[in-house]
Amino acid sequence: MSFFQRRRSQQDLDAFLPETISPDAPFCAVGDLHGRIDLLERIEKVILRTSPGLPTVFVGDYIDRGEHSADVLRMLASGAETGDQPVICLMGNHEEMCLNFIDAPCGPATAWLRHGGLQTLASFGIGGVSPTSAEAALTEARDALVDAMGPDLLAWLRARPLSWQSGNVAVTHAGADPTRAISAQSSGSLLWGHPGFANHARKDGVWVIHGHVVHEHAGHRDGRIWVDTGAYATGRLSGVHVLPGELRFFSS
């Protein structure tokens, strides 16, 4: 153990200059939505105007906190992962919490209700429940949510991938373990973050775009590209247009 932070080599620093970004093809990535259908509609117009035809990857956390989670899910699920305007939607930790509640509505999964789940239930027309409700009420709320979502939307939500990659640029919800290949990550690191992600640059040259942690502005440093600008509270949904050797940030 040392009192002094080791100086990174120039080689390490040069590994993550913007000109080293090399996706297989240009694409866009968009930050956490948290129930803001109005911002999703605005950002769609921005992307269609500035980046028509390019794949758009959403980093997860579509639900909770904001008031229109149901509308956000339905709009995203209507997109296609192939075609003229591909849309790829990753899993976020809030989607995982929601699915945990659906699978086991009593016990630890009630934590979802304290982290925005009540707003999501309300967006589907479900109320009268709290984290301290009796098991019968929690089960009834779960059943009502499953009915309101319908089998197609629920299947879509369960099928969300944990990561997406193009060339040397990966997209995840919450970052990644910097010591492991993207394909070898645990779901915990991808959905909830890893303690080494913010402080240790990757050695494989892979850039990681992520949300999960709110920043005042979207930006990049040492191979990390953050796009969560707290849309549900700030009214600003951010994203990045990734091109070979270039990052162009945009917002709603």
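Across all non-hydrogen atoms, the minimal contact from Val30 to Ile47 is CG2-CD1, 3.9 Å. Heavy-atom minimum distance, Pro178 versus Gly196: CG-O, 3.6 Å. Annotation for Ser123 and Glu67: closest pair CB-O, 3.6 Å, computed over non-hydrogen atoms. The two residues Ala231 and Asp228 have their closest heavy-atom pair at N-OD1, 4.4 Å. Nearest heavy atoms, Leu237 versus Asp32: CD1-O, 3.5 Å. Nearest approach of Arg180 to Ser186, heavy atoms of both residues: NH1-N, 4.3 Å.
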Original post:
Can Leu76 and Leu40 be said to form a side chain to side chain contact (heavy atoms under 4.5 Å, CB included), step by step?
Top reply: CA-CA 9 Å; Leu76 291 174; Leu40 176 57; 4.1 Å; yes
Original post:
Checking side chain to side chain contact (heavy atoms under 4.5 Å, CB included) for the pair Asp24/Val169: CA distance, chi angles, key distance, verdict?
Top reply: CA-CA 9 Å; Asp24 293 331; Val169 189; over 6 Å; no
**OP:** Determine, step by step, whether Thr56 and Ile88 satisfy the side chain to side chain contact (heavy atoms under 4.5 Å, CB included) criterion, reporting the C-alpha distance in whole Å, the side-chain angles of both residues, the deciding distance to 0.1 Å, and the verdict.
**Re:** CA-CA 6 Å; Thr56 298; Ile88 299 95; over 6 Å; no
**OP:** Would you sort out whether Ile37 and Arg74 count as a side chain to side chain contact (heavy atoms under 4.5 Å, CB included), showing the intermediate values?
**Re:** CA-CA 10 Å; Ile37 187 67; Arg74 289 167 180 149; over 6 Å; no
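Counted by atom type alone, Asp61 and His173 present one or more donor-acceptor pairs between their side chains at under 3.5 Å. For Thr120 and Ser69, the side-chain atoms include at least one donor-acceptor pair closer than 3.5 Å.
With hydrogens and angles ignored, the 3.5 Å screen pairs a side-chain donor or acceptor of Gln85 with a backbone N or O of Leu54. When atom types are taken as modelled, the side chain of Glu41 and the backbone of Asp38 share no donor-acceptor pair closer than 3.5 angstrom. With Ser252 contributing its side chain and Leu39 its backbone, the two residues share no donor-acceptor pair below 3.5 Å. Checked by atom type and distance alone, the side chain of Ser133 never pairs as donor or acceptor with a backbone atom of Val129 at under 3.5 Å. With hydrogens and angles ignored, the 3.5 Å screen pairs a side-chain donor or acceptor of Gln185 with a backbone N or O of Ala181. Between the side chain of Ser187 and the main chain of Leu162, no donor-acceptor pair closer than 3.5 Å is present.
Asn168 CG to Asp204 CG: the interatomic distance, rounded to the nearest 0.5 Å, is 9.0 Å. Here the straight-line distance linking atom CD1 of Ile63 with atom CG of Leu33 works out to 11.5 Å at 0.5 Å rounding. If you take CZ on Arg142 and OG1 on Thr139, they are separated by 5.5 Å, rounding to the nearest 0.5 Å. With rounding to the nearest 0.5 Å, the separation of CD1 in Ile182 from CH2 in Trp164 is 13.0 Å. Separating the OG atom in Ser51 from the CZ atom in Phe250 is a distance of 6.0 Å, to the nearest 0.5 Å. Separation of atoms SG (Cys98) and CE (Met149) is listed at 5.5 Å; rounding is to 0.5 Å.
A cation-pi arrangement is absent between Arg158 and Trp156, since the terminal nitrogen or guanidinium carbon is not both under 6.0 Å from the aromatic centre and inside a 45° cone about the axis.
Taking the centre of each ring, His115 and His94 stay at or above the 6.0 Å mark. Taking the six-membered ring wherever Trp is involved, the centroid distance between the rings of Phe249 and His217 does not fall below 6.0 Å.
Inter-residue side-chain proximity for Met75 and Glu44 is flagged as met; some heavy-atom pair is nearer than 4.5 Å. Counting heavy atoms from C-beta outward, Val59 and His210 have side chains that stay 4.5 Å or more apart. Side-chain atoms of Ile225 and Val208, non-hydrogen and from C-beta on, never get closer than 4.5 Å to each other. Looking at Phe124 and Leu153, their side chains come closer than 4.5 Å, going by heavy atoms from C-beta outward. Taking 4.5 Å as the limit, every side-chain heavy atom of Thr50 sits out of range of all side-chain heavy atoms of Arg248. Side-chain atoms of Val240 and His220, non-hydrogen and from C-beta on, never get closer than 4.5 Å to each other. You'll find the side chain of Pro244 reaches within 4.5 Å of the side chain of Pro23, heavy atoms only.
Connection of Val227 to Tyr232 is not established within any shared hydrophobic cluster, with ILVMFWY side chains joined at heavy-atom distances below 4.5 Å, either directly or through further cluster members. Cluster annotation: Met97 is connected to Ile126 through the hydrophobic network of ILVMFWY side chains, with a link wherever side-chain heavy atoms come within less than 4.5 Å. No continuous path of ILVMFWY side-chain contacts below 4.5 Å connects Val213 to Trp207, so the two sit in separate hydrophobic clusters. Under a hydrophobic clustering in which Ile, Leu, Val, Met, Phe, Trp and Tyr are joined whenever their side-chain heavy atoms come within less than 4.5 Å, directly or via other members, Trp226 and Leu191 fall into different clusters. Linking Ile, Leu, Val, Met, Phe, Trp and Tyr residues whenever their side-chain heavy atoms come within less than 4.5 Å places Val46 and Val87 in a single cluster.
At most 12 non-hydrogen atoms from other residues, nucleotides or ligands lie less than 6.0 angstrom from CD of Glu140. Within 6.0 Å of CG in Asp84 there are 12 or fewer heavy atoms belonging to other residues, nucleotides or ligands. In the displayed structure, Glu135 atom CD is contacted under 6.0 Å by at most 12 heavy atoms of other residues, nucleotides or ligands.
Ring-plane geometry between Phe101 and Trp112 is classed as tilted, the angle between the planes lying from 30 to 60 degrees on a 0 to 90 degree scale.
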